[in-house]
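Positions are given from 1 along the sequence.
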Amino acid sequence: MPPNSSQPPDANALLAAFYARGLIDYLQGRGIDAATLVAEVPIARPEAMAISPEISLTEWVRLLERAAQALGEPDLPAKAGESLQVRHLGVLGHVLMNCRDLHDAYRQLARYIRLLGQIGQPVLTVKDAEAHLLWQWPYPSPPPQSVALFMLAARARFMRWLTDRHDLRMDAHFHGPAPGPLEGFVRVFGGRVQFGQPESKLIFPADYLKLPVVTADEEFRRQAEQRAQEQLQKLTKEPELVRQIKSVLILHMASGRVHLEETARSLHLSARTLQRRLAEIDAHYQQILDEVRAESARQLLRDPSIPLTQIAFLLGYSDQSTFNTAYRRWFGTSPGQTRRQSHAQAS
């Protein structure tokens, strides 16, 4: 890791794939293939990102820090955060677009932040004429400096975008030492940038919170909030252990590392402990593996450029016939027939 990084988050923490995609898209926009930067980080491979609803937060942090180090750009995390688009927020982006003002937007951000993954909680306080937006890290170890830069730059980006006020200026505080010259960071935030502070936060005039969101629409907001609530309920309904197992399996399927013992090692558990914890929630490892493979197959089959033999490989099968048999068991038809039907419907 670069010298200014801190300990990674909990090894099993997850990040929404569409949010993580912002970093990949930023690198691709600069003509950089993430996989060439960090070949050993599975999420650098586009197929893993494409089929996973959530990916490893630790892997994403490694990619973020390795990219900054490899390119010699200490301000890259802030620039990547500044480049985020609404599509990188999923349904939460649509909720924010239809809030009344920035104060309302921050209330909704705090309400639905879990949709972006296990990345901490925004805490907004107003002190006299100043608003302080603290980024609260949910893990016992100090947050990696790169993640603080990315998260706060993303907050500044969306404040300007939602209000159509590109002149908004914020002061930015960061907990760690300055990773490089301040000019690049000042350009992103517009105000004073200070490192070596007790906490990472944005400071800006409290009047900014009254600025209206220019795209607000009450009807669209109701629709977006309904979808956000449905997604949040789905996240909280599925046991955390099951989501962690699914994330590991998605990352390791292509290499065939899908056995319970290998997944247990990735979760820093013994195989016996993993089996016991699954039994406690009445879950079965093979069923989880089948669910991951079935959903991944559905996603991959939508792309006609991916051959069926490659899909079988990406799902961890040694040959296409084994994949075909499994697919018939899941859906009662062949993957080839599914692809032909999808192509006929699209044409």
Side-chain angles (χ1 to χ4, degrees), residues 8-21 38 40-63 90 113-120 138-141 230-301 311-318 322-323 325-327 329-331:
D10 183 286
N12 300 326
L14 301 174
L15 184 68
F18 53 78
Y19 194 60
R21 184 77 217 180
V38 197
E40 73 274 18
V41 175
I43 68 163
R45 296 193 295 269
E47 64 270 12
M49 187 75 71
I51 62 179
S52 175
E54 293 185 300
I55 55 89
S56 164
L57 176 59
T58 298
E59 297 284 358
W60 182 83
V61 171
R62 287 177 61 201
L63 175 59
I113 192 68
R114 178 61 185 87
L115 297 179
L116 301 183
Q118 297 160 317
I119 59 174
Y139 306 104
S141 60
E230 290 170 354
Q231 291 187 16
L232 193 60
Q233 288 172 0
K234 183 178 179 180
L235 273 177
T236 55
K237 183 178 180 181
E238 187 173 60
E240 188 69 26
L241 178 62
V242 173
R243 288 201 298 277
Q244 291 172 355
I245 290 172
K246 287 182 176 180
S247 178
V248 170
L249 289 173
I250 287 168
L251 291 177
H252 294 163
M253 274 193 305
S255 61
R257 293 161 52 198
V258 296
H259 297 295
L260 183 143
E261 292 78 9
E262 293 164 322
T263 298
R265 281 197 296 271
S266 296
L267 295 174
H268 304 284
L269 300 171
S270 68
R272 179 172 295 181
T273 298
L274 179 57
Q275 287 177 317
R276 175 179 56 78
R277 290 182 58 184
L278 284 170
E280 289 171 354
I281 59 175
D282 195 25
H284 303 277
Y285 184 79
Q286 186 60 47
Q287 182 179 351
I288 296 171
L289 175 57
D290 279 350
E291 289 177 4
V292 169
R293 280 175 158 166
E295 180 56 30
S296 299
R298 288 165 64 97
Q299 295 286 342
L300 292 167
L301 282 168
I311 292 178
F313 169 77
L314 292 173
L315 297 181
Y317 292 107
S318 57
T322 308
F323 166 50
T325 301
Y327 194 89
R329 176 165 51 85
W330 300 328
F331 302 113

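Here CG of Leu14 is found 9.5 Å from OG1 of Thr58. Values are rounded to the nearest 0.5 Å. The OG atom of Ser296 lies 6.0 Å from the CG atom of Leu315; values are rounded to the nearest 0.5 Å. To the nearest 0.5 Å, atom CG of residue Leu115 and atom CZ of residue Phe18 are 6.5 Å apart. Here the CZ-CG distance, from Arg265 to Leu260, works out to 10.0 Å after rounding to the nearest 0.5 Å. Going from atom CD of Gln244 over to atom CG of Leu249 covers 12.0 Å, rounded to the nearest 0.5 Å. Between the CD1 atom of Ile113 and the CG atom of Leu232 there is a distance of 11.0 Å, given to the nearest 0.5 Å.
Partners of Gln287 under the side chain to side chain contact (heavy atoms under 4.5 Å, CB included) rule, at least two apart in sequence or in another chain, are His284, Glu291. When the salt bridge (charged side-chain N to carboxylate O under 4.0 Å, His left out) test is applied to Glu238, the partners found at least two apart in sequence or on another chain are Lys246. Listed by chain and number, the residues in a salt bridge (charged side-chain N to carboxylate O under 4.0 Å, His left out) with Arg257 amount to none (sequence neighbours excluded). Taking Arg114 as the reference, Glu54 meet the side-chain hydrogen bond (donor to acceptor under 3.5 Å, both in side chains) condition, with sequence neighbours excluded. A search for side chain to side chain contact (heavy atoms under 4.5 Å, CB included) contacts involving Gln233 returns nothing, not counting sequence neighbours.
Gly256 approaches Glu262 most closely through the heavy-atom pair O-OE1, 4.1 Å. For Ala297 against Trp330, the heavy-atom pair with the smallest separation is CB-CZ3, 4.4 Å. Across Arg329 and Asp290, no two heavy atoms sit closer than the pair NH1-OD2, 3.1 Å.
The aromatic rings of Phe323 and Tyr327 stand perpendicular to each other, their planes meeting at an angle above 60°, with 30° marking the opposite boundary.
Each of Val258, Val248, Leu289, Ile288 was scored for a side chain to side chain contact (heavy atoms under 4.5 Å, CB included) with Thr263, with one residue passing: Val248.
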Can you give the donor-acceptor pairs under 3.5 Å from side chains of residues 269-283 to other protein atoms, not counting sequence neighbours?
unit_1, atom_1, unit_2, atom_2, d
Ser270, OG, Thr273, N, 3.0
Ser270, OG, Thr273, OG1, 2.8
Arg276, NH1, Glu280, OE2, 2.9

